[in-house]
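For clarity, every value in this text was computed on a predicted model and none was experimentally measured. Chain A is the first sequence line, chain B the second, and so forth, proteins listed ahead of strands; every chain is numbered from 1.
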Number of protein chains: 2
Amino acid sequence: MQNSFTEENYLKIIHSLSGREGAEVSTNALAESTSTRAASVTDMLRKLAEKGLIHYKKYQGVRLTPEGEKVALKVIRKHRLWEVFLVEKLGFGWDEVHDIAEELEHIPSDRLVERLDSFLDNPQFDPHGDPIPDAKGNMPKPDYLKLSEVPPGGKVLMMGVLEHTPSFLQHLDRSGLTLGCELEIREINDYDKSIVVLLSSQRTLFVSQEVSKNLLVQRL
Amino acid sequence: MQNSFTEENYLKIIHSLSGREGAEVSTNALAESTSTRAASVTDMLRKLAEKGLIHYKKYQGVRLTPEGEKVALKVIRKHRLWEVFLVEKLGFGWDEVHDIAEELEHIPSDRLVERLDSFLDNPQFDPHGDPIPDAKGNMPKPDYLKLSEVPPGGKVLMMGVLEHTPSFLQHLDRSGLTLGCELEIREINDYDKSIVVLLSSQRTLFVSQEVSKNLLVQRL
DNA sequence: ATATTTTTTTAGGTTAATCTAAATTTTTTT
DNA sequence: AAAAAAATTTAGATTAACCTAAAAAAATAT
Ligand SMILES: [Mn+2]
Ligand SMILES: [Mn+2]
Ligand SMILES: [Mn+2]
Ligand SMILES: [Mn+2]
């Protein structure tokens, strides 16, 4: 019994919405994320429960079973490996690869994934800083913090992003913010929580809270 | 109006069955090739005709329209480029790549195809010797002959295969027959049309008609 | 503790791609 | 030119993934 394209997407979204605590995910949240209606979600949840991929009791939200989690992590692994391929080998920008990877992630061949992984030299992170699960489904969960949570004077490295929209990523490009770059928080404006950071190039940069809430960093 | 996975497969199969004369393809032939029933084919033909991708009059078989041919060639281009990628970059054998390429060929991004093409250094032929259409849909049609048609004494280069099944390709591997290898026809057994060929390694090899009918060669 | 609002499920349809069985058209054979 | 056979189309279902509208359950507010 193979899982369909649609089923895989549901599992991936349940995984992402339930966070690392494995919290319950609501029907409405899934309708929102899948761009469908709640009634359609209910149909699909019955099917996934039937297949043993989720725990589901009417009116009580869903969680992945271990089996469902395995499938979700495999899809996430493929998504992120293909993103690395598109950026590292084909020269795409990090703002261009998500939609293509949404399609590639459903190509079903274990041998393909493992060979792709080797070809890319077993990358640990995708172009957006997200960790790549290994073949067994182990995914490191680095505990980064948001740039918006760093106090003034702090020096940090930029490690990832929480928004993956092309417009957000292009904005970062224009600001000179790339993964791995070093930032020092110079001041935080109390009024709008915007911050002034110093880049390693000695340039200073204004960063709105809108942006700083979506940047993951690591203290130096 | 995007073409579905299924529609693309029909167009590709119609292209391949109608040959380079653009001959009409029958409903039954399509049912056979798509592993469906004739009734299902009729439904799909009405839809493709509706979309202007095929010429179709009841009971009279189908041909691609120029628009349909364009779509078919694009799918074939993607299929063959992905096969090159799988063999050249990921190290798959030529017997392993067809099924994976059947899936990859439907990934819909023109930018992806063109970047893949560059990454592979604009290959002209796929791992089975089939020509790869260019971005505009021009596909060279080399006129090879079958090994079974070459008279005794002839020296040829092996240029392609007509069978793409793993078992046939693996048989060629075991026989030491690879694309580009040189063959000299030593004798043809009248009884079963099997032939004895001399390889450039000076090894002699028996080739059944079953096999020689499916090998494309070029005279030296 | 009720009443109201929100969330979720059920009921009943739709569309794409398939199917089987029956009807029709075309082709081949006598 | 009939009759028989083969190919094709039509009729009527089925399944997956969706939908809207209505009913039911849970959560929230009075
Ligand atoms: Mn992505
Ligand atoms: Mn990513
Ligand atoms: Mn192939
Ligand atoms: Mn090929």
Side-chain angles (χ1 to χ4, degrees), chain A residues 1-15 17-19 23-64 68 71-72 75 102-103 105-108, chain B residues 1-15 17-19 23-64 68 71-72 75 102-103 105-108:
Chain A
M1 247 172 267
Q2 267 292 109
N3 302 306
S4 71
F5 188 103
T6 309
E7 288 165 342
E8 287 190 348
N9 279 335
Y10 269 84
L11 294 173
K12 194 180 53 152
I13 291 171
I14 293 167
H15 178 93
L17 291 179
S18 73
E24 250 131 45
V25 178
S26 75
T27 299
N28 269 356
L30 283 168
E32 167 81 31
S33 287
T34 55
S35 300
T36 63
R37 299 316 183 117
S40 309
V41 172
T42 301
D43 284 349
M44 181 57 77
L45 294 184
R46 289 219 294 113
K47 177 149 61 129
L48 292 173
E50 195 67 41
K51 292 179 103 175
L53 297 167
I54 59 173
H55 294 293
Y56 171 57
K57 280 199 300 269
K58 285 208 274 186
Y59 295 104
Q60 285 176 220
V62 280
R63 293 182 349 265
L64 296 175
V71 176
V75 177
E102 281 297 306
E103 309 274 339
E105 71 187 6
H106 302 290
I107 303 286
Chain B
M1 249 173 268
Q2 268 292 109
N3 303 306
S4 72
F5 189 103
T6 310
E7 288 166 343
E8 287 189 348
N9 279 335
Y10 268 86
L11 295 173
K12 193 179 54 153
I13 291 171
I14 292 167
H15 178 93
L17 291 179
S18 73
E24 249 131 47
V25 178
S26 74
T27 299
N28 269 355
L30 283 168
E32 168 80 32
S33 288
T34 55
S35 301
T36 62
R37 301 314 187 119
S40 310
V41 172
T42 300
D43 284 349
M44 181 57 76
L45 295 183
R46 289 219 294 112
K47 177 150 60 131
L48 292 172
E50 194 67 40
K51 291 177 104 176
L53 297 166
I54 59 172
H55 294 293
Y56 171 56
K57 279 198 301 266
K58 285 208 275 186
Y59 296 102
Q60 285 175 223
V62 281
R63 293 183 349 268
L64 295 176
V71 176
V75 178
E102 281 297 306
E103 309 274 340
E105 71 188 5
H106 302 290
I107 301 286

Supply the atom-to-atom distance Phe5(B) CZ to Glu103(B) CD, rounded to the nearest 0.5 angstrom.
-> 5.0 Å
Rounded to the nearest 0.5 Å, how far apart are CG of Leu45(A) and CD1 of Ile14(A)?
-> 6.0 Å
Could you give me the stems involving DNA chain C, meaning stretches of three or more consecutive Watson-Crick or G-U wobble pairs whose two defining distances are both below 3.5 Å?
-> C:1-30 with D:1-30
Looking only at side-chain atoms of Thr6(B), point me to the closest of dC18(D), dT8(C), dT18(C).
-> dT18(C)
Given atom CG of Leu30(A) and atom P of dC18(D), what is their separation to the nearest angstrom?
-> 12 Å
Tyr56(B) vs dT8(D): side-chain N/O to OP1/OP2 distance below 4.0 Å | no
Between CD of Gln60(A) and P of dT8(C) the distance, given in whole Å, is 11 Å
With respect to the side chain of Tyr59(B), which nucleotide from dT25(C), dT20(C), dT8(C) is positioned closest?
-> dT25(C)
Rounded to the Å, how far apart are Glu32(A) CD and dT6(C) P?
-> 16 Å
Asp43(A) CG to dT14(C) P, in whole Å, measures 16 Å
Take the protein atom CD of Glu24(A) and the nucleotide atom C1' of dT8(C), then report the distance between them rounded to whole Å.
-> 14 Å
Side-chain N,O (Ser40(B)) to OP1/OP2 (dT18(C)) below 4.0 Å = no
Expressed in angstrom and rounded to an integer, what is the separation of Lys57(A) atom NZ from dT9(C) atom P?
-> 13 Å
CZ of Arg46(A) versus C1' of dT8(C): gap in Å, rounded?
-> 13 Å
Taking salt bridge (Lys or Arg N to Asp or Glu O under 4.0 Å) as the test, write out the residues that go with Glu32(A), two or more places apart.
-> none
Mind jotting down which residue pairs meet the salt bridge (Lys or Arg N to Asp or Glu O under 4.0 Å) criterion with at least one end in residues 34-46 of chain A? Sequence neighbours excluded, please.
-> none
Just how far, in rounded Å, is C1' of dT9(C) from CZ of Arg37(A)?
-> 16 Å
Look at Ser26(A) and dT7(C) and indicate whether a side-chain polar atom (N or O) is within less than 4.0 Å of OP1 or OP2.
-> no
Say you draw a straight line from OH of Tyr10(A) to CD1 of Ile54(A); how long is it, rounded to the nearest 0.5 Å?
-> 10.0 Å
How is Thr27(B) classified with respect to the nucleic acid when contacts are heavy atoms under 4.0 Å: base, sugar-phosphate, or nothing?
-> sugar-phosphate
Counting only side-chain N and O atoms of Lys58(A), is one of them less than 4.0 Å from OP1 or OP2 of dT10(C)?
-> yes
Between Glu102(B) and Lys12(B), is the closest basic N to carboxylate O distance under 4.0 Å?
-> yes
Rounded distance [0.5 Å steps], NZ in Lys58(A) versus OG1 in Thr42(A) = 10.0 Å
Check whether any side-chain nitrogen or oxygen of Asn28(B) sits under 4.0 Å from OP1 or OP2 of dA6(D), and answer yes or no.
-> no
